[in-house]
Amino acid sequence: MSQTEKAFADAAPLDQEIAVSVRGISKNYGAVEALRDMSLEFPRGQLTSLLGPSGCGKTTLLKIIAGLLKPDTGEIIVNGKTVTGPGPNRAFVFQDFALLPWANVLRNVAFGLELRGVPKSEREDKAEKYIKNVGLAGFEGSFPHELSGGMRQRVGLARALSVDSQVLLLDEPFSAVDEQTRRKFQEDLLALVANENKTFIFVTHSIEEAVYVSDQVAILLPRPSRVSEIIRPSSFRTKGVENIRRDPEYLDIVDEIWSSLRNYVE
């Protein structure tokens, strides 16, 4: 057993309430078995990354949790209730922004609240709060075509935060931005996790990103997808965001994950 594997094995068990439970989920697309009897738990107030090679079912699982897809077997429990479809306790941040092109930033961020019938003044006050929190203060009147890709993704994140869902589902939200913007997003995401007391479920292909932002990393293997292992980065996460990537434990975990996944990368 390597030192890193021993650190994982010796880590204290999570003593936190579970926000989302995946119980025996299977999903087939015709003859293709995407997920088989998958079970996984997501602690409340933490960020869990779903990490694995392309085609391992990460987005499928995320959509089942969101209620956008129905599993063939199994169930999803969110805050003690079985998921039967989309609901206000979950918000989805899409990879492709999914903004309303005809609406300005303020209207886009407030749109989920508008659909729920929240009065205009209340929804705009809340939208302005989250626009500021994601670093877009001053752009409330701008339209999506006037924004960079990174700014549009911030709008999508602010919209998800503004509806005050307890669970945020993020499907590779940083994949379409440049490396500098992506790093800033990662730092901002850590601050949101610390301050918002929400449960984040984050899909990524990047090992470095998963280890950097996560309280828990679930490694998925290719079809039929199943959980290979759960990794909980520990000590380096208390040393400040500017120090994480230089910490030997961070580097060791990244290397260990790559070693376990390399044979599955085509």
Side-chain angles (χ1 to χ4, degrees), residues 8-9 11-29 33-53 55-94 112 160-161 163-173 189-190 192-205 209-211 213-234 237 257 260:
F8 299 157
L14 285 173
D15 186 22
Q16 287 202 309
E17 184 179 356
I18 300 302
V20 179
S21 292
V22 174
R23 299 180 179 177
I25 291 292
S26 297
K27 179 66 177 178
N28 296 335
Y29 294 103
E33 190 178 15
L35 305 177
R36 178 191 292 174
D37 195 27
M38 180 175 288
S39 296
L40 184 60
E41 292 186 330
F42 300 87
R44 187 179 309 283
Q46 294 194 0
L47 188 150
T48 299
S49 285
L50 303 177
L51 176 68
C56 74
K58 300 184 294 296
T59 296
T60 294
L61 179 58
L62 201 69
K63 289 181 176 179
I64 291 174
I65 295 171
L68 300 174
L69 284 177
K70 290 188 179 298
D72 296 325
T73 63
E75 63 179 348
I76 304 293
I77 307 294
V78 176
N79 297 327
K81 297 182 179 180
T82 301
V83 168
T84 57
N89 57 1
R90 286 150 289 141
F92 207 111
V93 180
F94 294 92
L161 289 165
V163 296
D164 205 25
S165 298
Q166 297 124 334
V167 178
L168 270 70
L169 307 166
L170 300 95
D171 187 14
E172 294 193 75
L189 182 59
L190 286 174
L192 288 171
V193 174
N195 296 326
E196 290 294 326
N197 195 33
K198 299 179 186 296
T199 303
F200 293 76
I201 303 177
F202 183 86
V203 167
T204 180
H205 280 94
E209 180 169 76
V211 177
V213 302
S214 301
D215 299 291
Q216 173 177 273
V217 180
I219 299 179
L220 308 186
L221 297 183
R223 293 189 298 264
S225 187
R226 64 273 190 207
V227 179
S228 169
E229 59 183 316
I230 302 293
I231 294 171
R232 298 185 180 97
S234 53
R237 300 188 59 76
I257 293 175
S260 68

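Here, residue 1 is the first one in the sequence, and each next residue gets the next number. Values below: every heavy atom of this structure, side chains too, minus hydrogens, waters and symmetry copies.
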Subject >> Nearest heavy-atom neighbours spanning Val93 and Pro173 >> reply: CG1-CB, 4.2 Å
Original post:
To the nearest 0.5 Å, how far apart are CZ in Arg226 and CD1 in Ile219?
Top reply: 12.5 Å
**OP:** Could you tell me whether a side-chain N or O of Gln46 sits under 3.5 Å from a main-chain N or O of Asn197, the two making a donor and an acceptor?
**Re:** no
**OP:** Dump the intermediate steps for side-chain contact (heavy atoms from CB on, under 4.5 Å) on Arg44 and Glu17, then the final yes or no.
**Re:** CA-CA 6 Å; Arg44 187 179 309 283; Glu17 184 179 356; 3.0 Å; yes
**OP:** Taking all non-hydrogen atoms of both residues into account, name the closest pair between Leu47 and Ser214 and its distance.
**Re:** CD2-OG, 3.5 Å
Original post:
If you measure from OG1 on Thr204 to CD on Glu172, what distance do you get to the nearest 0.5 Å?
Top reply: 6.0 Å
Original post:
Which heavy atom of Ala218 sits nearest a heavy atom of Leu40, and at what distance?
Top reply: CB-CD2, 3.9 Å
Original post:
So, for Gly67 and Pro86, which heavy atoms are closest and what is the spacing to 0.1 Å?
Top reply: O-CD, 3.2 Å
Original post:
Partners of Ser39 by side chain to side chain contact (heavy atoms under 4.5 Å, CB included), sequence neighbours excluded?
Top reply: none
Original post:
Which of these, Val203, Leu50, Leu69, sits in a side chain to side chain contact (heavy atoms under 4.5 Å, CB included) with Thr59?
Top reply: Val203
**OP:** Give the C-alpha distance, both sets of side-chain angles, the deciding distance and a yes or no for side-chain contact (heavy atoms from CB on, under 4.5 Å) between Leu61 and Met38.
**Re:** CA-CA 9 Å; Leu61 179 58; Met38 180 175 288; 3.5 Å; yes
**OP:** Enter the distance from Gln216:CD to Phe42:CZ here, rounded to the nearest 0.5 Å.
**Re:** 7.5 Å
**OP:** Kindly give the heavy-atom pair with the smallest separation between Ser260 and Glu229, and that separation in Å.
**Re:** OG-OE2, 3.8 Å
Subject >> Backbone N/O of Asn28 and side chain of Asp72: donor-acceptor pair under 3.5 Å >> reply: yes
**OP:** Using side chain to side chain contact (heavy atoms under 4.5 Å, CB included) as the criterion, list what pairs up with Val167, not counting sequence neighbours.
**Re:** Val20, Val78, Arg90, Leu169, Thr199, Ile201
Original post:
Would a 4.5 Å heavy-atom cut-off, applied to side chains only, mark Val83 and Glu75 as touching?
Top reply: no
**OP:** Check for a donor-acceptor pair, side chain of Lys27 on one end and backbone N or O of Gly57 on the other, with a separation under 3.5 Å.
**Re:** no
Subject >> Residue pair Phe202, Val213: steps toward the side-chain contact (heavy atoms from CB on, under 4.5 Å) verdict >> reply: CA-CA 9 Å; Phe202 183 86; Val213 302; 4.2 Å; yes
Original post:
Are the side chain of Ser26 and the backbone N or O of Asp37 linked by a donor-acceptor pair below 3.5 Å?
Top reply: yes
Original post:
Which distance, rounded to the nearest 0.5 Å, do you find between the CD1 of Ile64 and the CG of Leu35?
Top reply: 5.0 Å
Original post:
Does Phe200 have Lys198 sitting over its ring (NZ/CZ under 6.0 Å from centre, angle to axis within 45°)?
Top reply: no
Subject >> Heavy-atom closest pair, residues Val217 and Ala210 >> reply: CG2-O, 3.8 Å
Original post:
To the nearest 0.5 Å, what is the distance between CG (Leu189) and CG (Leu170)?
Top reply: 6.5 Å
Original post:
Quick one: does Ser21's side chain get under 4.5 Å of Ile76's, heavy atoms only?
Top reply: no
**OP:** Look at the side chain of Asn89 and the backbone N and O of Gln166, then say whether any donor-acceptor pair between them is shorter than 3.5 Å.
**Re:** no
**OP:** Calculate, to the nearest 0.5 Å, the distance between atoms SG and NE2 belonging to Cys56 and His205 respectively.
**Re:** 6.5 Å
Subject >> Any donor-acceptor pair under 3.5 Å from Ser225 side chain to Pro222 backbone >> reply: no
